[in-house]
Amino acid sequence: MKRRKWYGLMFVLPSLLGVGLFYLIPFILSFYYTFTQGVSEVKFVGLDNFTDLLQNPAFRLAAKNTLVFMSIGVPLLTLVALFLSLLMSGKLYSFPRWAMLSPIIVPVASALMGWSAIFGEGGIVNTIIGFLGGGQVDFFGEVNGMGTFILIFLIKNLGYMIVIFTSSISALSREYREVFLLDSKSEIKYAFKVVIPLISPIIFFVVILSVINSFQIFREIYGLYGDYPPNTLYMLQHFMNNNFFKLNYQRLSTAAFIIVLSLSVLISIFLKYQNKSFDK
C-alpha cells in the first residue's frame, strides 16, 4: 500500500508542481499587490485598492455586464440543455455526438466570420428582414449586442452540455422507469420526480461549468470589437486586459482577487445547496 501511495504521488507530482509554479505562487504575489501601491517604491496602503476599484466606473460597468450575461446565459443554457437531453433520452431525437461538440471546437476567428455572415449588416438575417420589408437591425450594436452574444454562447456550449446530460441520463437504471410507469404513464412526471433528482449532481456540475465558460465569451467579443467594445459588452476581462497593458498591476491584482473570491463564494453556495438537497 505504501508503494502504491508513492507511485500515485509520483504521477500527481508534475501536475502539483505546475499548478504551484504557474498558478499558486503568482496568485500569492498578486494577493500581496492588492495591498500595495507603486513600482519602484512600494508602500502598504491597506484596503485603498479595493475602495478605489469599487468606485471605478469602468469596473462597475464591466461587473454589471458580466453579471447580466451570466444571470441570463447560464440558467438558459442549463434549462435548454436539460430539456433537449430529456427529449433525446426518449429516442425522439438523435444526433451524433461529434456534431453536438463541433461548435465548441471551431476556432474563434472562423466562428466570428460565420456569425458576421449571419448577423452582420449584409448578413443572412438582415437580408431576410429586408426581403420581408423590414429595416436593417444592428445585431452587434450596443442595443442588441448582449442578446446576440448570449445566443452565440448558447449555440457554442449547448451541444457540450447535452452530451453531459444525456450520458448521465442514459446511465440510470431502466428499472427506475419501469417501476414508475407501473403507477403512472406520464413521462413528464417521471422526468421531474425521478430523473432530475437523480442527476442533480450533474446539474450542479453543468451550472458551475457554464459559469466558467461564460467568461470565455470575451474571446468572441474581443475578436470583433478589440479593447473597447460597446458599453453593454464591456466585460471584466476587458477591464483586466486594459489595466494589464497600462501596467496597473495593483488594480489588476485587486480585480482578479475579487473575481476569484466571488466565484469561490458562488460555488460554495451551489455545493452547500447540493448537500442540503442530498440530505433531504
Side-chain angles (χ1 to χ4, degrees), residues 66-106 111 115 118-119 124-125 128 139 144 146-217 220 263 265-280:
T66 304
L67 184 61
V68 169
F69 186 89
M70 289 173 52
S71 61
I72 298 175
V74 171
L76 196 58
L77 174 62
T78 305
L79 293 175
V80 173
L82 181 59
F83 173 73
L84 294 178
S85 300
L86 292 172
L87 290 181
M88 295 175 65
S89 65
K91 306 297 183 182
L92 293 178
Y93 298 95
S94 179
F95 299 98
R97 291 189 178 184
W98 65 265
M100 291 188 290
L101 293 175
S102 58
I104 203 170
I105 62 176
V106 175
W115 291 119
I118 296 173
F119 293 111
I124 298 174
V125 176
I128 295 175
F139 289 100
N144 302 310
M146 178 68 74
T148 301
F149 278 96
I150 288 176
L151 178 62
I152 293 174
F153 170 73
L154 290 177
I155 295 176
K156 180 178 180 180
N157 295 276
L158 188 60
Y160 182 36
M161 302 309 172
I162 290 176
V163 170
I164 295 175
F165 277 136
T166 52
S167 299
S168 61
I169 294 174
S170 61
L172 297 177
S173 176
R174 294 183 179 179
E175 296 178 355
Y176 293 121
R177 187 172 184 274
E178 294 174 355
V179 172
F180 184 86
L181 293 181
L182 290 175
D183 297 327
S184 175
K185 297 297 182 181
S186 175
E187 295 284 350
I188 297 177
K189 290 183 179 180
Y190 171 71
F192 279 96
K193 293 185 177 181
V194 178
V195 176
I196 293 178
L198 288 176
I199 66 169
S200 58
I202 305 300
I203 296 176
F204 282 106
F205 171 74
V206 167
V207 170
I208 294 174
L209 189 61
S210 300
V211 170
I212 296 173
N213 288 346
S214 67
F215 284 95
Q216 297 180 5
I217 198 64
E220 282 79 4
L263 288 177
V265 171
L266 181 63
I267 293 174
S268 298
I269 294 173
F270 283 150
L271 293 176
K272 186 175 181 180
Y273 181 77
Q274 179 183 358
N275 294 332
K276 285 186 177 180
S277 64
F278 286 157
D279 294 337
K280 294 180 180 179

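Positions are given from 1, in the same order as the sequence printed here.
Separating the CD1 atom in Ile155 from the CG atom in Leu77 is a distance of 11.5 Å, to the nearest 0.5 Å. Atom CD1 of Ile72 sits about 4.0 Å away from atom CD1 of Ile150, to the nearest 0.5 Å. Between atom CD1 of residue Ile217 and atom OG1 of residue Thr66 there is a gap of 11.5 Å, rounded to the nearest 0.5 Å. The OG atom of Ser210 lies 11.5 Å from the CD1 atom of Ile203; values are rounded to the nearest 0.5 Å. The distance from atom CG of Asn157 to atom CG of Asn213, rounded to the nearest 0.5 Å, is 4.5 Å.
A 4.5 Å side-chain heavy-atom check between Phe83 and Leu86 finds every atom pair outside the cut-off. Residues Leu84 and Leu158 have side chains in contact (heavy-atom distance under 4.5 Å, counting atoms from C-beta outward). Side chains of Ile164 and Leu209 form a contact here, defined as non-hydrogen atoms less than 4.5 Å apart. Using a 4.5 Å heavy-atom cutoff, the side chains of Leu76 and Phe153 are not in contact. Looking at Lys189 and Val194, their side chains never come closer than 4.5 Å, going by heavy atoms from C-beta outward. Under the 4.5 Å side-chain criterion, counting only non-hydrogen atoms from C-beta, Leu82 is in contact with Ile196. For the pair Phe204 and Ile199, the minimum side-chain heavy-atom distance is 4.5 Å or more.
Among residues at least two apart or in separate chains, salt bridge (Lys or Arg N to Asp or Glu O under 4.0 Å) pairs with a member in residues 150-163 are Lys156-Glu220.
Nearest heavy atoms, Val74 versus Ser214: CG2-CB, 4.4 Å. Leu154 and Gly73 make their closest contact through CD2-O, 3.9 Å (heavy atoms, listed as atom of the first residue, atom of the second, distance). Minimum interatomic distance between Pro197 and Ala191 (heavy atoms only, all atoms of both residues): CD-O, 4.4 Å. Nearest heavy-atom pair, Ala81 versus Met161, reported as atom, atom and distance to 0.1 Å: CB-CB, 3.7 Å. Among all heavy-atom pairs drawn from Ile202 and Ser168, the shortest one is CG1-CB, 3.7 Å.
Remark: Phe119 pairs with Trp115, Phe139 by the ring pair (Phe, Tyr, Trp, His ring centres under 6.0 Å) rule, at least two apart or across chains. Remark: Phe165 pairs with no residue by the ring pair (Phe, Tyr, Trp, His ring centres under 6.0 Å) rule, at least two apart or across chains.
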List the steps, then state whether side chain to side chain contact (heavy atoms under 4.5 Å, CB included) holds for Phe149 with Asn144. CA-CA 9 Å; Phe149 278 96; Asn144 302 310; over 6 Å; no

